[in-house]
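Let me begin by presenting the structure, written as structure tokens, before commenting on it.
Small disclaimer: the values here were computed from a predicted structure and weren't measured. We name chains A, B, ... by the order of the sequence lines, and we start the count at 1 in each one.
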Amino acid sequence: MTVTQARNVVPPLMNILKFKGLPILQQLHLEERLFRSSSDNWCIINDGTNAPTIVMGVSGKPSELLELKPVLQDKVPVVGRFTGGGTVIVDPGTIFVTFICNKDAVPNVEPYPRPIMSWSGLIYEDVFRGIGDFHLRENDYVFGNRKFGGNAQSISKKRWIHHTSFLWDYDIRNMAYLKVPRRAPEYRSARSHVEFVCHMKDYLSIPDFIGRTVKVVGTHFSLRPMQFEEVNIHAKTSFDHSSRLLTDTELEAALVSQKSLYREDTGSSQV
Amino acid sequence: MASRLWASRAASYLRLSVSYRGFASVVKDLKYADTHEWVKVEGTSATIGITDHAQDHLGDVVYVELPEIGASVTQGNSFGAVESVKATSDVNSPISGKVVEVNEELSNSPGLVNASPYENGWVIKVEMSNTGEVDSLMDSDRYSKFCEEEDAAH
């Protein structure tokens, strides 16, 4: 192989940041800042977030997606994130893996939702090779027909972000805060949350999952471990985030709207 | 043959250029950005939307994030976004100016972007600040070729 040929096969550089228990809103703020103001490629892995939090996609409406009475009663925080997609409830049993890429770093992947999803599907196929019946199914990560990873994306002119929340473990009681969404994949077949999802812990340990992920990503990129303190060298220090915590006022207004919708649908005043 | 003739006449009436190789449609009198937005310029007024190529690659649009009326837009920069297949995708402005109207219909019917990308699926109207910027955009023939080259590269 000539020097020129060798240069051509050097994989692009990707910074890798690892956290444990980083609050999800902080993670989303970091991701949006890196996505919009850095020109590097990034992989972020967060082993669990500190407290149960509901996270909705950019177009999510609390009145349609959440059981607001218990959410307000139990003071569950609700975050609106900057990427598309559906609603999840994340907690210390959730593992997050995020890729932020320059489109030129993965030139065979067109910067549109489905090609990016196919690319990530192939990455995770390698991660889960020999473990369970892994598939990318209607844009979800599943073992068999049970979802264990939800993902979402944001795409700009030159970069894209693909982030996933993996259900390594979860508290069944938390699922009660979420309604069955109106827009759902066909394979869900109207199943409740409990019948639709599964635990990743039934398949592999956290160190094994993170180890496998880092190994597979390392075959596509040249990984550079980075500490959080170094991030400011690579991205703007102050940034106008769009991911935010919804206020009680907003959630209470959504509850009023939810109650009147229920009255219209059923002719009843009980929610 | 008759249906192809009808389609050709309909395309001509709508000033659509339709290739039978299955490529996305373009409209002759519009100008195009390399980020797949179109602009219709009438004096200093511009109407902006996303192209058929873009809507086809994005998938079913379920939400459109619109700017405020009065907001400034800059050539090449994002002014809003569309959501499809769990992704938000930036919509960039082909020209600079001030937003004077947004397509409120898209709030209730975001699918208009897919069904009618050049007509009812328009996104914003802008009072242009520099009509010379149009010269840096592609015409329909150049844009068609650009789309072919981009698709062939992947």
Is [X] close to chain B through its backbone or its side chain, or both, or neither, when contacts mean heavy atoms under 4.5 Å?
X	value
A/S156	both
A/N108	backbone
A/P115	neither

Would you find more than 12 non-hydrogen atoms of other residues, nucleotides or ligands less than 6.0 Å from A/E186 atom CD?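 No, not enclosed.
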If you count the non-hydrogen atoms of other residues, nucleotides and ligands that lie under 6.0 Å from NZ in B/K40, is the total more than 12?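 Open: at most 12 neighbouring heavy atoms sit under 6.0 Å from NZ of B/K40.
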Please name the pair of heavy atoms, one in A/R114 and one in B/V85, separated by the smallest distance, quoted to 0.1 Å. CG-CG1, 4.1 Å
Of the non-hydrogen atoms in A/G85 and B/E83, which two are nearest, and what is the gap between them? N-OE2, 2.8 Å
When you check the side-chain N and O atoms of B/T88 and A/S154, is any donor under 3.5 Å from an acceptor?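 Per modelled atom types, B/T88 and A/S154 side chains form a pair under 3.5 Å.
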Are B/D90 and A/R36 within salt-bridge range, i.e. N to O under 4.0 Å?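 Looking at B/D90 and A/R36, the cut-off is met.
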Are the charged groups of A/D140 and B/K86 less than 4.0 angstrom apart, N to O?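 A salt bridge is present here (some side-chain N lies under 4.0 Å from a carboxylate O).
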Rounded to the nearest 0.5 Å, how far apart are CZ of A/F82 and CD of B/E65?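 So the gap between those two atoms works out to 12.0 Å.
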Nearest-0.5 Å distance that lies between atom OH in A/Y112 and atom OG in B/S84: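 Answer for the OH-OG pair, A/Y112 versus B/S84, is 10.5 Å.
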Non-hydrogen atoms of chain A under 4.5 Å away: do they reach the side chain of B/T35, the backbone, both or neither? side chain
As an exercise: rank A/T83, A/I155, A/N139 by heavy-atom pairs under 4.5 Å with chain B and give me the winner. A/I155
Options A/N151, A/I116, A/V109, ranked by heavy-atom pairs under 4.5 Å with chain B, top entry: A/N151
Where along residues 126-140 of chain B does a heavy atom come under 4.5 Å of chain A, listed by residue number?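 If one takes a 4.5 Å heavy-atom cut-off, no residue of residues 126-140 of chain B lies near chain A.
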